[in-house]
Amino acid sequence: MGVRASGYLLPTLKDDPADAEAISHRLLVRGGFVRILGSGLYTYLPLGWRVMQRIAAILREEMDTIAMEVSMPVLQPASLWQETGRDGIPELFKLEDNSGKRYVLAMTHEEAFTYHAAREIRSYRELPQIWYQIQIKERDEPRPRSGILRTREFLMKDAYSFDRDEDGLDASYRRHIDVYRRIFERCGLQFWMVESDTGMMGGLGAHEFMAPSPSGEDRLVLCSNCDYAANLEVARSIPRPPQFPEPLDEPREVPTPGATTIEGLAEMLGVDPAATAKAMPVVAEGEVVLALVRGDQRLHEMKTRKALQTEFRPATPEEIRESFGADPGSIGPVGGRPARVIADDSLRDGQFVSGANRTGYHLLGVQAGRDFKAEFHDLREVTDGEHCPECQTGTLRVERAIEVGNIFKLGTKYSEPLRATYLDEGGNEHPIVMGSYGIGLARIMAAAVEQSHDEHGIVWPASIAPFDAHMVVIGGGGDPQVETAVAIEHELDADGVCVLVDDRDAGPGARFADAELIGAPARITVGKRTAADSTVDVQTRRGRTQETVPVSGVAAAVRKVLE
RNA sequence: CGGGGCGUGGCGCAGCCUGGUAGCGCACCCGGCUGGGGGCCGGGCGGUCGCAGGUUCAAAUCCUGCCGCCCCGACCA
């Protein structure tokens, strides 16, 4: 059913809110879709809630093809989280009831789903199963940001699969991939499924669904040629081959006064920066570790953390002098006494220039294996223009993206501590093999705005627009076109087209501007210019093409726009 | 947690440096006009200047502390 704008809560703003940076944040606040209640806490006004409900409807339709919807509490006993050891997570909200009993606010629902699976599932005959819900999550985010993109409370579709073994999990995982693709396609998003990090805890595999957008917090690596796509955190690449000078039989020390940066060094010695080794001394668990990447590369923090299996920090100048006997800028892997040397794979072959561990000197012709020993890992950050690790020929580009969904093979990480087991054909007990699958509704909403807007406002994908059509009735009370508008409203209602009728007593310009800001796919203009010959103008929001149609054909014209 | 910025009517902002009557635009209310791109005229309502303390004859303005919000980074199970 359509609604009348007069009497509807439609608080559009003429100016951008002062504190909004991201496009989606600006347009959703200006358009009267959302309002802030506190840091990272957003209220959905009628317009915004309609969009969320449409997204939820798509999620339900698609999820219902593979899963059963349930609903579990957000307020949960802290003891449940003690069993999985997750009660110490800093982002977990903790509270007490009046008797002092401890509770948490769920940041995700693995514990609750596994708790029930442990009690209700007993036999292999009952597997596999997939359960899902659309429920609030609470996370004490250290830094909420970008409007509804990262909030402390948010709605999430979360699903959990229960299988008897890894093959079963693989099947459940693949079913989710298919369903997720359909969901994001139906929501009108441009998206990529990418390999993602399984985190410090390990895990059997994970993928993320990424919607490219400059406001996104994640970075995505894409190939120009094949379908390789990965989160920057795990992306691989083929770096360009360095131009090596003539090889030396042993390293040769050369003076390099004042050259403490790669650019300065490469220029002074006339070598390719890619033929130098950049030394990044870090401290991990109290020991100095030398991390090496090529001079033209950047050390990727998360990859380094993974290689070290622990947190680390940059070494201080004092620690560097102590371990290497030279100032920062002149250190390298030959000599010195770091506890470990880890090096990027690209340094495995060839001879590089590195610091000589003598202030103001570097070594030419330093070769891994011959001159120093190192553990090799993927440590470098992928950059634009490098070659694709899959097809070898394509070039890679790095883009920002919003993580709209993720899928994760949990294995028995939760079923073991919570004793969610089943009995197989032989009566043997096994832990249930689980997967978890999330989609952020607000992130879909924000990503849609980020990907589809113009200088006038939002251009909603038809599938999640708050209204199918926005009818602007020009003129006031006694004008004859008002009757025409009412007739059209009834026709659209009968035809199942959801229309917002702007019958407010404002000037036409202001109302056209609001229509564009709000972004319904079709705009119907009823004025005396056209009403006289029983026609109206129907304009598409996307591209703003306009046609004049007879009043009797409005519903059909709008349907055509919605296609 | 580190760095930066901002807090003055519902919204966007000026005033602060150089202390002395709290101001502008929009929105809102009343009346009228207007009616295909944020229109016009007239009349109104609305602010303990984030909070607390201090300096001063006098504080939005200077000082101290706190709180809140935004941005960058760290973090993001």
Side-chain angles (χ1 to χ4, degrees), chain A residues 10-22 25-26 29-30 32 35-42 81 84-92 104 106-111 137 139-147 149-152 154 158 196-203 206 208 215 217-218 231 233 301-302 305 311-314 403 406 408-411 413-414 417 436 438 440 456-457 471-482 502-517 523-532 535-537 539 544 546 548:
Chain A
L10 204 66
T12 56
L13 303 173
K14 206 163 165 180
D15 301 306
D16 274 340
D19 55 12
E21 190 100 343
H25 188 190
R26 295 210 299 256
V29 172
R30 272 189 62 203
R35 287 291 187 268
I36 194 168
L37 180 69
S39 179
L41 300 170
Y42 276 82
W81 289 68
T84 58
R86 296 212 296 177
D87 56 322
I89 295 175
E91 287 79 24
L92 187 65
V104 303
M107 52 190 296
T108 172
H109 279 73
E110 278 84 3
E111 278 79 0
K137 302 285 176 273
R139 295 185 188 175
D140 194 358
E141 289 288 349
R143 179 148 104 83
R145 72 185 94 186
S146 305
L149 271 179
R150 176 172 290 271
T151 51
R152 298 200 294 174
F154 58 97
D158 50 325
S196 70
D197 191 28
T198 50
M200 292 284 284
M201 323 283 289
E208 292 165 334
S215 298
E217 299 180 87
D218 288 274
N231 192 312
E233 293 169 1
E301 271 186 45
M302 193 170 288
R305 200 173 305 132
E311 294 295 324
F312 69 94
R313 61 169 174 83
E403 181 187 345
N406 58 56
F408 203 102
K409 292 184 184 175
L410 295 173
K413 184 174 154 191
Y414 295 92
S436 77
H456 304 290
M471 181 156 65
V472 177
V473 189
I474 295 162
D479 294 336
Q481 62 269 27
V482 173
D502 191 347
D503 57 341
R504 295 173 301 177
D505 183 26
R511 293 188 290 160
F512 286 139
D514 273 355
E516 269 136 22
L517 181 59
R523 189 184 82 193
I524 303 161
T525 309
V526 184
K528 65 170 173 243
R529 183 198 284 176
T530 52
T535 63
V536 295
D537 292 321
Q539 191 180 84
R544 299 210 296 167
Q546 184 163 309
T548 303

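The chains referred to below are lettered A, B, ... by the order of the sequence lines, with proteins before strands, and numbering in each begins at 1. Bear in mind that the values here come from a model prediction, so they are computed numbers and not experimental data.
Residue-level contact check: A:L13 touches neither bases nor backbone, having no heavy atom under 4.0 Å from any strand. Across all strands shown, A:S146 has heavy atoms under 4.0 Å from sugar-phosphate atoms exclusively, and none from any base. Residue A:E301 is in sugar-phosphate contact alone, with no base atom involved, counting any heavy-atom pair closer than 4.0 Å across all strands shown. At a threshold of 4.0 angstrom between heavy atoms, the contacts of A:E111 with the nucleic acid are absent. Nucleic acid contact class of A:R313 (heavy atoms, under 4.0 Å, all strands): none. Nucleic acid contact for A:R35: none, since no nucleic acid atom lies under 4.0 Å from a heavy atom of the residue. A:R523 comes within 4.0 angstrom of a base, heavy atoms only. Heavy atoms of A:A18 sit under 4.0 angstrom from primed sugar atoms or phosphate atoms, though from no base atom. Within the 4.0 angstrom heavy-atom criterion, base atoms lie near A:T530.
Using the Watson-Crick or G-U wobble rule with both distances under 3.5 Å, B:G2 pairs with B:C72. Searching all strands for a Watson-Crick or G-U wobble partner of B:C62 with both distances below 3.5 Å returns B:G54. For B:C49, there is no paired base (Watson-Crick or G-U wobble, both distances below 3.5 Å). Across all strands shown, the partner of B:G7 is B:C67, judged by Watson-Crick or G-U wobble contacts whose two distances both fall under 3.5 Å. Nucleotide B:C33 is matched to B:G39 when pairs are restricted to Watson-Crick or G-U wobble geometry with both distances under 3.5 angstrom. When both distances must be under 3.5 Å, the Watson-Crick or G-U wobble mate of B:C24 is B:G12.
One atom, CZ of A:R30, and another, C1' of B:A27, lie 14 Å apart when rounded to the nearest Å. Atom-to-atom, CD of A:Q546 to C1' of B:G37 comes out at 12 Å; the value is rounded to the nearest Å. Taking atom CZ of residue A:F512 and atom P of nucleotide B:G35, one finds them 14 Å apart after rounding to whole Å. Look at CG on A:L92: it is 14 Å from P on B:A77, rounded to the nearest Å. In this structure, the CG atom of A:L41 is 9 Å from the P atom of B:C69, given to the nearest Å. If you measure from atom CZ of A:R26 to atom P of B:C11, you get 19 Å, rounded to the nearest angstrom. A:K409 places its NZ atom 19 Å from the P atom of B:A77, with the value rounded to the nearest Å. Atom CD of A:E141 is separated from atom C1' of B:C75 by 9 Å (rounded to the nearest Å).
Distance check on atom C1': B:G36 versus B:G31 gives 26 Å, rounded to whole Å. Between B:A52 and B:C13, the two C1' atoms lie 27 Å apart (nearest whole Å). Look at the P atom in both B:G42 and B:C16: the space between them is 30 Å, to the nearest Å. Remark: the separation of the C1' atoms in B:G68 and B:C29 is 31 Å, to the nearest Å. Nucleotides B:U8 and B:U61 are separated by 14 Å at their P atoms, to the nearest Å. Annotation: B:A14 and B:G73 have their P atoms spaced 26 Å apart (nearest Å). The gap from the C1' atom of B:U48 to that of B:A60 amounts to 12 Å, rounded to the nearest Å. B:C30 and B:C62 have their C1' atoms separated by 44 Å, with the value rounded to a whole Å.
RNA chain B is contacted by both A:Y414 and A:A20; A:A20 maps to the nucleotide lying nearer its 5′ end (nearest heavy atom per residue). Place A:P17 and A:R529 on RNA chain B by their nearest nucleotides, and A:P17 ends up nearer the 5' end.
For the OP1/OP2 pair of B:C72 and a distance below 4.0 Å, the side-chain nitrogens and oxygens of A:R143 include at least one atom meeting the criterion. Side-chain N/O atoms of A:S39 include one lying less than 4.0 angstrom from OP1 or OP2 on B:C70. Note on A:R305: a side-chain N or O is less than 4.0 Å away from OP1 or OP2 of B:C75.
Nearest nucleotide to the side chain of A:D15, out of B:G35, B:C69, B:G12: B:G12. Closest to the side chain of A:I474, from the set B:C11, B:G36, B:C76, is B:G36. Side-chain proximity of A:E516 to B:G37, B:G38, B:C69: nearest is B:G37. Relative to the side chain of A:E21, the nucleotides B:G39, B:G35, B:C71 differ in distance, and B:C71 lies closest.
The closest donor-acceptor contact from the side chain of A:R30 to the backbone of A:L13 lies under 3.5 Å. The backbone N or O of A:V29 lies less than 3.5 Å from a partner atom in the side chain of A:R35, making a donor-acceptor pair.
A salt bridge is defined here as a Lys NZ or Arg NE, NH1 or NH2 lying under 4.0 Å from an Asp or Glu carboxylate O, and A:E110 with A:R86 meets this definition. Salt bridge annotation for A:D514-A:R504: present, with a cationic side-chain nitrogen under 4.0 angstrom from a carboxylate oxygen. A salt bridge is absent between A:E21 and A:R26: the closest approach of a Lys/Arg side-chain nitrogen to an acidic carboxylate oxygen does not fall below 4.0 angstrom. We find that A:K528 and A:D479 are not joined by a salt bridge, their nearest charged nitrogen and carboxylate oxygen being 4.0 Å or further apart. Salt-bridge annotation for A:E217 and A:R145: present, with a side-chain N of the basic residue lying under 4.0 Å from a carboxylate O of the acidic one. The existence of a salt bridge linking A:R523 and A:D537 is excluded, since no basic side-chain nitrogen approaches an acidic carboxylate oxygen closer than 4.0 Å.
Counting atom types as modelled, A:D537 pairs a side-chain N or O with a base atom of B:G36 as donor and acceptor under 3.5 Å. Under 3.5 Å, the side chain of A:R145 and the base of B:C71 form no donor-acceptor pair of N or O atoms.
A:E208 and A:N406 share no side-chain donor-acceptor pair at under 3.5 Å.
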